[in-house]
Amino acid sequence: MNRRTLIASAVALLLAGGLSLNLASTPALALDELRIIAPAAPGGGWDQTARAMQEAVQSGGAVKAVTVENIPGAGGTVGLAQLAGQEQGKDNVLMVNGLVMVGAILTNKSAVTLENTTPIARLTGEYEVIVVPGSSELKTLADLVAKLKADPGAVAWGGGSAGGTDHILAGLVAKASGADVSKLNYVPFSGGGEALAAVMGGHVVAGISGYSEWEGQIKSGELRALGISAPERVAGIDIPTLKEQGVDVELANWRAIVAPPGLNDEQKKALLATVDAAVKSDSWKKVLAAKNWTDLYLPGDDFTKLVASENARVTEILKGIGLVQ
Amino acid sequence: MDVLASLLQGFATAVTPMNLMWCLLGTTLGTAIGILPGIGPALTIALLLPITAKLDPTGAFIMFAGLYYGAMYGSSTTSILLNTPGESGSIITAVEGNVMAKNGRGAAALATAAIGSFVAGTLGTIAITFLAPLFVKLALLFGPAEYFALMVLAFTTVSALLGLSLSRGITSLLLGLAIGLVGTDVLTGQPRLTFDILSLLRGIDIVVVAVGLFAVGEALYMASRPDMRAGEIVPIRGSIFMTAEEWRRSWKPWLRGTALGFPFGALPAGGTEIPTFLSYFLEKRMSKKPEEFGKGAIEGVAGPEAANNAAVAGVLVPLLTLGLPTSATAAILLAAFEQYNLKPGPLLFSSSSTLVWGLIASLYIGNVMLLILNLPLAGLWVRLLAIPQPLLYGGILLFSTLGVYSLNNSTFDLVLLFLVGILGFLMRRYDFPVAPCIIGLILGRLAEAQFRRALTISQGDATVFFTHPLSLALLIIAALVFVGPLFYRWRAAKLQSAKTAG
Amino acid sequence: MKPDTPKSAAGLAIGLGLLLLGGIIFYDASQMQIPPTYAKVGPQAFPYFIALGLAVVGAYFAWNSWTPAARREIAAEGFTTDWRALLIIGAGLLIHLNILKPLGFVIAGVFLFMCIAFAFGSRSFVRDGIVAVILVVLSYVGFTHGLGLQLPPGILAGLL
């Protein structure tokens, strides 16, 4: 009996202590430390962006300690919910996000949207390629478009997750070429490897992915690239754009950085200055070159506008596909 | 021969003191993280990536490959001794291995696992060296329809793990299938069984379920049974090494496990778990004493452990030759290649032959290192069983929660772990086998996704499963595996009745 | 072969629990919005199948728990159950996950370890404490400094 009360009181003490101590530990001085949330598992694009940013900020010496925190799940919306919730108003937290999150918010019917963040800047991006197996009878984008128009169901597209960038591009291409978007036959695969194998093995008609992921197979001729979703030809990539082949679509799988909601202008400016300095550092430039990321730096209000326009475009196409009601 | 010359060149690269050190570091670290549930090679390599960016790529890859192999060696240890699988590829190992440990044959189980892993790893590496192009062609033959047929075949193996009671085994399987439903549907992005909880959208991780059912469930069950706690476990009964009998019973499963595991690893959606199920099933079927399965049959450790290591070797085939990642770890390795501006694929062998052949040579060396590291340790590891229970279970739960938390840095996963742990406790208490639940979880998700993918591509035409020759062949094998035993039983019964009548 | 029947009350509970689970899965699937798909087999088909299976085994266990045969073979009897130890572990796990972030991995880990050891009957608090601190501090330092894995530092932030 005695022992039991002892345990109970010890537990109560621990709990009470936990609560009060938790309240006492308010964030330290601004930019004494900076946390960058990567709303994905270690290793992926968002995580790599967060870690590159960590290094770039640290190299400038403006911030003492920069840490990366991974909060994976549901296309980044789990991390987004935390940013808009418990991190609200904190001026020493940043989160990486991107186009994929725009789609994920819609398909997951997330209560928290990008409106619940303080946009800082778009950082990098990657263009998407449309490919067919090297042995395919489809030689050009025009061949694919013709097949798509004749019978959208006959073109099984292989790519990444439902509602993701690859899926969105397939929808945009179908729409721009005048095919029925609601009849799009898109097959989501989990993980780039599976989609790649399905395309290479000829199990699907066409495939969509970020260029760098399939670069090796395109160069070796196992895959034939029909078009790239860039606004104009990219230096060093010998693939015609979709636009120049008469399909008026451009899409960058952009990655950006945002801050929690509830910041005043001053705090926002300070964070933007930190990011701006990092993007201009040698460390960042080296990473861009090493990883072949396209520099799409777009800070401040222009970025805010971009998010709004992308949101409108993605919403329309996902509704057309039928993924979002 | 060209390959041999290149391989010799590779050995020259791999035996430099620096590279040997990287190999040793990788294998040791791999063994350590393999032991910890939840912390696997994919996560570790991802976390090491930024640190290794400044290293020479050959050294870094030698370390990563050692780590990958090492994790598979290490994960069998806790499966066998503590009934806590460190990686999902070692779940089946726990079924027989832990019973062996409780019977005082833990050291033998660890030894057969280590030697089996060595045999499989080395044969697998030989296959990478000489047969890679062949397996790559095989890998590309598999589309969604073929995968679905393969899953059907894998499902029939559950019958070896159902335990004594059919209804209880099937219930366990259904629970696993139900847990697998939770999360975003891969094909349409629709949430299923998520109850508007954001964290459930990513689904329930296999690690959470495995650790919950095995480690937490076991701890709760042991705590609830003072009578079982009183019985002292004798770490070693009989010889510390494998007996002649145990050797005789192990070598064939090692080879069969390797033959199953390697091609599976090379398949883009193969993985390390399914070949372990198939291997267990095969060994039980081929055994002259199937009744010993479930009571500590060494074949049930030897086969699956060889299978998971061979699968790891298989994963490297499409990765190196096509740049095709077929597992989470392979995807991270691909990111590592990119970090050094290397593009895996057909061109890699010519453009970076020093690296590729150095890596392959280091796989041979790494396997020898792991054997040397793990075999003497087996005798030491079994002393873990002599640790007083309060400290042992305290440690198990400490590392289980640590591993599960670090999956997503989320305390929500700890809530799930707690709930699954209660389920595991109840299943033990009321005699439901836990292995079918894990199999249902792993296979259910895959089977459903591939089934629907195949039908999407065929625009709803269900005959694809029968018109694709490979898919048809796999389905026929599955049918034979399923019907075969029934037929035998029917014939045996008929003979029996004929005898009694005559 | 032993008859497939747990203790009647437990069997009934198991049966009804499985039926309930099947019902929840069925309801969840029926509420799904189904996007157009070429497969003709949507995201709801597989859940319906599993719900049906659970209902069948649930009904089987529930039905069997009423038959006299059930009383012969009892799954969870013939031994005493240490409910107190179970409760301590359960509470320990729950408290641990609640204090992990605020107090940090080190304190939460030491607490969990000692709690489990206590539930398993250990009363050597000093020994348990020393072992716990060593294990927890070693893994904290190894993970955060060796691998760069973020474990919550809690109130001991900056100390380790």
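Residue numbering restarts at 1 for every chain, and letters A, B, ... go by the order of the sequence lines. As the structure is a computational prediction, the values presented were derived from the model and not from experiment. Heavy-atom basis, side chains included; hydrogens, waters and symmetry copies ignored.
- With respect to chain B, the highest number of heavy-atom pairs below 4.5 Å among A/Met200, A/Gln54, A/Glu69 belongs to A/Met200.
- For chain B, the nearby parts of A/Ala154 are the backbone and the side chain; heavy atoms of each come within less than 4.5 Å.
- Taking A/Thr107, A/Asn185, A/Val287 one by one and counting their heavy-atom pairs under 4.5 Å with chain B, the maximum is reached by A/Asn185.
- Both the backbone and the side chain of A/Thr77 come within less than 4.5 Å of a heavy atom of chain B.
- Only the backbone of B/Leu141 comes within less than 4.5 Å of a heavy atom of chain A; no side-chain atom from C-beta onward does.
- Taking chain A as the reference chain and counting heavy-atom pairs below 4.5 Å, the highest number among B/Leu187, B/Thr184, B/Thr194 is found for B/Leu187.
- Interface remark: B/Thr456 contributes backbone and side-chain atoms alike to the contact with chain A (heavy atom separation under 4.5 Å).
- Shortest non-hydrogen contact noted between A/Ala162 and B/Val186 is CB-O, 3.8 Å.
- Using a 4.5 Å heavy-atom cutoff, the side chains of B/Leu201 and A/Val78 are not in contact.
- In terms of non-hydrogen atom pairs under 4.5 Å with chain A, the most contact-rich of B/Gln190, B/Gln459, B/Arg453 is B/Arg453.
- Nearest heavy-atom pair, A/His203 versus B/Leu140, reported as atom, atom and distance to 0.1 Å: NE2-O, 2.9 Å.
- At a 4.5 Å heavy-atom cutoff, B/Phe412 makes no contact with chain A through either its backbone or its side chain.
- The candidate with the highest count of non-hydrogen atom pairs below 4.5 Å against chain B, out of A/Ala198, A/Pro188, A/Gly201, is A/Pro188.
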